[in-house]
S.K.: 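Take a look at this one; I'll ask things after.
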Amino acid sequence: MILNYDVIVIGGGHAGCEAAVAAARMGAKTCLITMDMNKIAQMSCNPAVGGIAKGQIVRELDALGGEMGRVTDATAIQFRMLNRGKGPAVWSPRAQCDRGKFIWKWRETLDNVPGLDIWQDQADELLVEPCNGNGREDDAQEGIRGVAVGVKTIWGVEVRAKCVIVTAGTFLNGLMHVGRCMVPGGRIAEPAVPHFAESIARWGVRTDRMKTGTPVRIDRRSVHFEDLEEQPGEQDFHQFSYLDEARPLPQLPCWLLNTNARVHEILRSGLADSPLYNGQIQSIGPRYCPSIETKLVTFPDREQHPLFLEPEGTDTNEMYLNGFSSSMPIDVQLRALREIPALRDLKVYRPGYAIEYDFFDPTQLSHNLESKVIKGLFLAGQVNGTTGYEEAAGQGLMAGVNAALQSQADATSTPSTSFTLARDEAYIGVLIDDLVTKGVDEPYRMFTSRAEYRILLRQDDADARLTERAYQLGLATRERYDWWMQKKEAINRIISFCEQTPVKPKNINGALESLGTTPLQFGCKVADLIARPQLSMNILADIIPELKAIIDASPNRRDEIAEAAEIKIKYKGYIEREKIVADKMHRLENIRIKGRFNYAELHEISTEGRQKLQRINPETLAQASRIPGVSPSDINVLLVLLGR
């Protein structure tokens, strides 16, 4: 049996779902191949979306026309805006979701995308045509060894396509660990995928192994909540998507607790049987989400570590113990946890476990996430060495768009175009540039500190940065575009009012003094008052009736619009200064160097720089400057040689 499509997506996780929706909406006839249609977008670890920098990625996905934000808002059972004590450049939304409802909301979304089919099966082999023949000599000269033409499944079905997107998560040769027990699997109770990674690697795509883990799942009926500190969510206007109404489900609290000395003592007694320390696991795990045993070894003097008990849904007793990721033997995990007073009668559904899996070297990808080795093969998600649903989804959407563009170019014999995002346009752009330029030596996790332009990449302005581009591309819907144009007009109207409307001391000084801020000596504009740290748009709207009227005139989502206008006014100087820095870097981004140098013969630059440039073969001078081991003097040499 042979099926024919424009784009195939392998894997129904967060990357695969966004890739499939994006490709289909771009007009490509798309097939999503998944092992289990009932576990679409399964949250393998914590059923939570967002967090530091991750929340910005979800907002960007929404602005681009992706679906993660809408699904999250529809299934959220707790929402919080993290980092509110800091500046808006690092505010990050996070939501705890109902795991089961999240899956079915995604399934509903996929079922209603025209041009998208789902095929339940397991990919067994990537089908590749070699470049030494079939009119592919030009590809071979560019270093491409083959062209992806489809996949073969374990049931013998051939699915043919112009482009193949692999988003297999942790399933490629996955191996799970609990103590000294090892079981092949992609996640608990699901089989691993053998052979498939080898069918890609045989063409020269480099592979390696990584490790991640997940905590024990707890039966809430065995928890003594009277011994825990409650952590409620927030009920304000913030949400992930700029469409739809947020949080229709009941909102539930999370709970705070801590380990103690007795817990640590029991865990240390089991270290000899820990796969991380007995030689069983050789691969590298995520530094920023360490297992509890790693915390004990890394911080031996700590008397306690914080844990968070989080609900998995509105209709289940299952709870997630955030902060207690572990692969220790089952009895060690349980004995240790029962030393926490609130968990003294603990019952669990399953223990924590670690999993090792194959990933591919992301420096062998172009910025459109297409392989430099196999033409038509796109990789996205954890197979590129990342960790996190949000990082996976961001890559998935970009791979889906670019695979659709390429398949359509192939169909019409027109030059292929790519859709990429710069580092000053999106966290998704930072993520992909880091992967393809720097590579990974541990599971990559996004942080605000990775973005040099984070004042420009705020969570509140993702639609301002991306929606118009996405609409022009055909990715964002007209509904999304029209809403953004209304919001944009409303924001500009408020800012214009604030910058042009004068305020006299006699009319406002009494209110200013009551608010603890310095009274005016002379008249000023409303924008000057908003710039004061003690004042906000909402406070001034209660004092200045005209400001309140113009905010209330917004078409909808008034709080969201007022906040966006306030941030642009308060941080105007910082924003403009960062734009100047970004514009300077764009000059280097515009200097293309790929194909202009034979780095092996460039003895004017350092040996390390020469080796790194030859291996990665960067597109632009700016990308070259970000490669670890390429020094500023190496960049200056390249500039001089370009001048010649």
Side-chain angles (χ1 to χ4, degrees), residues 43-55 72 75-85 92-99 102 212-235 247 249-260 263-264 267 285-296 298-299 302-314 316-328 333-334 336-353 387-390 445 447:
M43 294 166 136
S44 306
C45 198
N46 194 355
V49 171
I52 305 301
K54 294 168 175 282
T72 300
T75 60
I77 52 179
Q78 188 189 91
F79 182 92
R80 300 183 72 207
M81 183 68 75
L82 307 183
N83 275 346
R84 286 298 295 267
S92 300
R94 180 190 186 272
Q96 196 76 13
C97 295
D98 185 303
R99 185 190 299 275
F102 188 92
T212 188
T214 189
V216 62
R217 300 304 199 273
I218 289 175
D219 185 336
R220 69 173 294 125
R221 293 169 296 184
S222 67
V223 177
H224 292 268
F225 288 98
E226 68 275 12
D227 294 327
L228 299 178
E229 178 185 346
E230 184 175 339
Q231 185 183 50
E234 298 173 359
Q235 301 291 340
R247 301 192 285 283
L249 296 180
Q251 298 300 287
L252 304 177
C254 294
W255 306 85
L256 306 180
L257 61 162
N258 293 287
T259 62
N260 55 48
V263 172
H264 295 183
L267 291 172
R287 180 190 314 185
Y288 301 103
C289 188
S291 65
I292 188 65
E293 52 263 45
T294 300
K295 293 177 187 177
L296 295 184
T298 306
F299 307 105
R302 288 284 298 270
E303 295 183 358
Q304 62 181 30
H305 291 281
L307 305 175
F308 304 87
L309 191 58
E310 300 172 332
E312 296 245 352
T314 59
T316 178
N317 287 317
E318 189 174 353
M319 302 194 78
Y320 179 93
L321 188 58
N322 195 346
F324 203 86
S325 176
S326 180
S327 57
M328 300 283 274
Q333 293 186 42
L334 298 186
L337 286 171
R338 285 175 179 146
E339 293 298 328
I340 299 173
L343 305 181
R344 57 188 177 271
D345 296 318
L346 177 70
K347 291 182 180 180
V348 305
Y349 291 103
R350 59 186 180 274
Y353 65 93
T387 181
Y389 313 137
E390 304 81 5
R445 180 177 181 176
F447 291 100

S.K.: Can you measure from NZ (Lys295) to CZ (Arg302) and round to the nearest 0.5 angstrom?
M.R.: 8.5 Å
S.K.: What's the separation between atom CG in Leu252 and atom CZ in Arg220, rounded to the nearest 0.5 Å?
M.R.: 7.5 Å
S.K.: To the nearest 0.5 angstrom, please state how far the CG atom of Asn317 sits from the CD1 atom of Ile218.
M.R.: 12.5 Å
S.K.: Can you find a pair of side-chain heavy atoms, one from Val263 and one from Gln304, that are under 4.5 Å apart?
M.R.: no
S.K.: Test your reading of the model: is there a side-chain donor-acceptor pair from Arg338 to the backbone of Leu346, 3.5 Å cut-off?
M.R.: yes
S.K.: Are any side-chain N or O atoms of Ser92 and backbone N or O atoms of Ala53, one a donor and one an acceptor, separated by less than 3.5 Å?
M.R.: yes
S.K.: Between Phe102 and Val49, does a side-chain contact (heavy atoms from CB on, under 4.5 Å) hold up when you go through it step by step?
M.R.: CA-CA 11 Å; Phe102 188 92; Val49 171; 4.1 Å; yes
S.K.: What I'd like to find out is whether the side chain of Arg445 reaches to under 4.5 Å of the side chain of Cys289, using heavy atoms alone.
M.R.: yes
S.K.: Is a donor on one side and an acceptor on the other found under 3.5 Å between the side chain of Gln251 and the backbone of Ala76?
M.R.: yes
S.K.: Kindly say whether Pro47 contributes a backbone atom to a donor-acceptor pair with the side chain of Tyr389 at under 3.5 angstrom?
M.R.: no
S.K.: Within the 4.5 Å heavy-atom criterion, are Pro215 and Cys45 side-chain neighbours or not?
M.R.: yes
S.K.: Measure the spacing between CG of Asn322 and CG of Asn46 and express it to the nearest 0.5 Å.
M.R.: 5.0 Å
S.K.: Is the shortest side-chain heavy-atom distance between Gln231 and Pro253 below 4.5 Å?
M.R.: no
S.K.: Does Asp219 offer a backbone N or O that forms a donor-acceptor pair with the side chain of Ser222 under 3.5 Å?
M.R.: yes
S.K.: Does a side-chain heavy-atom distance below 4.5 Å link Thr259 with Leu296?
M.R.: no
S.K.: Are there over 12 heavy-atom neighbours, none belonging to Glu226, within less than 6.0 Å of that residue's CD?
M.R.: yes
S.K.: What verdict does the side-chain contact (heavy atoms from CB on, under 4.5 Å) test give for Arg344 and His224, after you've listed the backbone C-alpha separation in whole Å, the side-chain angles of each residue and the deciding distance to 0.1 Å?
M.R.: CA-CA 8 Å; Arg344 57 188 177 271; His224 292 268; 3.1 Å; yes
S.K.: State whether the side chain of Glu339 and the backbone N or O of Asn260 hold a donor-acceptor pair below 3.5 Å, judged by distance alone.
M.R.: no
S.K.: What pairs with Arg350 under salt bridge (charged side-chain N to carboxylate O under 4.0 Å, His left out), at least two apart in sequence or on another chain?
M.R.: Glu318
S.K.: So Val216 and Ser326, do their side chains get closer than 4.5 Å, heavy atoms only?
M.R.: no
S.K.: Just by distance, do the side chain of Glu310 and the backbone of Cys254 share a donor-acceptor pair under 3.5 Å?
M.R.: no
S.K.: Look up atom OH in Tyr320 and atom CD in Glu312, then write down how far apart they are to the nearest 0.5 Å.
M.R.: 8.5 Å
S.K.: Please check if the side chain of Asp98 supplies one atom and the backbone of Thr314 the other of a donor-acceptor pair under 3.5 Å.
M.R.: yes
S.K.: In terms of heavy-atom contacts, does CZ of Phe299 have more than 12 from other residues, nucleotides or ligands at under 6.0 Å?
M.R.: no
S.K.: Is the shortest heavy-atom distance from the side chain of Ile340 to the side chain of Leu307 under 4.5 Å?
M.R.: yes
S.K.: What distance do Glu229 atom CD and Asn258 atom CG have between them, rounded to the nearest 0.5 Å?
M.R.: 9.0 Å
S.K.: Measure across Ser291 and Thr294 and return the closest heavy-atom pair with its distance rounded to 0.1 Å.
M.R.: OG-OG1, 2.8 Å
S.K.: Does the side chain of Glu293 come within less than 4.5 Å of Leu267's, by heavy atoms?
M.R.: no
